[in-house]
Structure formats: structure tokens, C-alpha cells
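All heavy atoms count here, side chains included; hydrogens, waters and symmetry mates do not.
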Amino acid sequence: MNVIQQYLDQNSVTRYKVSKLSGLGQTTLKAAVDSKSGIDGLTGKVIKAIAVALDKTPGSVLDELIEMEKISREPF
């Protein structure tokens, strides 16, 4: 599963809710979740939209995503 979708799931928020609260299109969010490049391919608009939906700062969302991605890449 993509780290972005994991992050949304962990924070109990759907792409639909992010879209409604932020005004960002669901297609844009789906493309971010489906991206093979992980968080490297995220735009500022997507990070800001997630932050709005979670009532967090874009910086904290990015920091948390980076940490999640780092953990997911560590060998078991």
C-alpha cells in the first residue's frame, strides 16, 4: 500500500473528506496515492490539502510522511 494512503488511513481520513474540506479534486488525490514515486512526487497542493483536512500544518504532514516512508523502507 502506498505511504500516502497509509497516512490517510492512520489519521482516519478518506480521500473524499480531504477533497471536500480542501477543495482539491479527488482525481488529483487518487493520482498522488497511485503514484509509484511515493512522497517524492507529492505537490505542495496535495500536502496542503491533507493538512487542511487534518487540521495540521503542511510541514508537520510532510515530516510525518517522510518518517512513515523511511520506516516502510527499512529492512525487517
Side-chain angles (χ1 to χ4, degrees):
M1 181 186 295
N2 182 291
V3 70
I4 299 155
Q5 186 61 54
Q6 287 177 345
Y7 183 76
L8 295 176
D9 292 346
Q10 178 180 309
N11 285 279
S12 302
V13 67
T14 63
R15 285 182 278 175
Y16 177 79
K17 185 173 181 180
V18 172
S19 176
K20 286 297 177 189
L21 291 174
S22 69
L24 189 66
Q26 288 188 56
T27 306
T28 304
L29 289 169
K30 181 173 179 4
V33 169
D34 292 344
S35 173
K36 301 291 184 217
S37 60
I39 64 170
D40 290 339
L42 282 181
T43 64
K45 286 180 9 178
V46 172
I47 294 170
K48 284 173 29 181
I50 294 169
V52 165
L54 297 176
D55 196 29
K56 295 182 178 188
T57 65
S60 67
V61 169
L62 183 57
D63 288 343
E64 291 169 3
L65 283 166
I66 289 169
E67 188 62 28
M68 280 185 74
E69 188 172 71
K70 186 169 73 173
I71 290 168
S72 72
R73 290 185 176 172
E74 289 178 354
F76 292 98

>> If I take atom CG from residue Leu42 and atom CD1 from residue Ile4, how far apart are they, to the nearest 0.5 angstrom?
In response: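 Taking CG in Leu42 and CD1 in Ile4, the distance rounds to 4.0 Å.
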
>> Rounded to the nearest 0.5 Å, what separates atom CD in Glu67 from atom CG in Leu65?
In response: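 Rounded to the nearest 0.5 Å, the CD-CG separation comes out at 11.0 Å.
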
>> Quick check: do Asp9 and Gln5 have side-chain heavy atoms less than 4.5 Å from each other?
In response: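 Of all side-chain heavy-atom pairs linking Gln5 with Asp9, at least one is under 4.5 Å.
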
With a 3.5 Å cut-off and sequence neighbours excluded, list the donor-acceptor pairs that the side chains of residues 16-29 form with protein atoms.
from, atom 1, to, atom 2, distance (Å)
Ser19, OG, Leu24, O, 2.7
Ser22, OG, Val18, O, 2.6
Ser22, OG, Leu24, N, 3.2

>> Looking at Asn2 and Asp34, would you say the former's side chain and the latter's main chain have a donor-acceptor pair under 3.5 Å?
In response: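 No, Asn2 side chain to Asp34 backbone: no donor-acceptor pair under 3.5 Å.
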
> Applying side chain to side chain donor-acceptor pair (under 3.5 Å), which residue pairs with at least one partner in residues 37-53 are found, sequence neighbours left out?
Replying inline: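 For residues 37-53, and leaving out neighbouring residues, the side chain to side chain donor-acceptor pair (under 3.5 Å) pairs sorted by first residue read Ser35-Ser37.
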
> Of the non-hydrogen atoms in Glu69 and Val3, which two are nearest, and what is the gap between them?
Replying inline: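 Minimum heavy-atom separation between Glu69 and Val3: N-CG2, 3.7 Å.
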
Side chains of residues 51-62: which donor-acceptor partners sit under 3.5 Å, not counting sequence neighbours?
from, atom 1, to, atom 2, distance (Å)
Lys56, NZ, Asn11, OD1, 3.3
Lys56, NZ, Glu64, OE1, 2.9
Lys56, NZ, Glu64, OE2, 3.4
Thr57, OG1, Ser60, N, 3.0
Thr57, OG1, Ser60, OG, 3.2
Ser60, OG, Thr57, N, 3.3
Ser60, OG, Thr57, O, 2.9

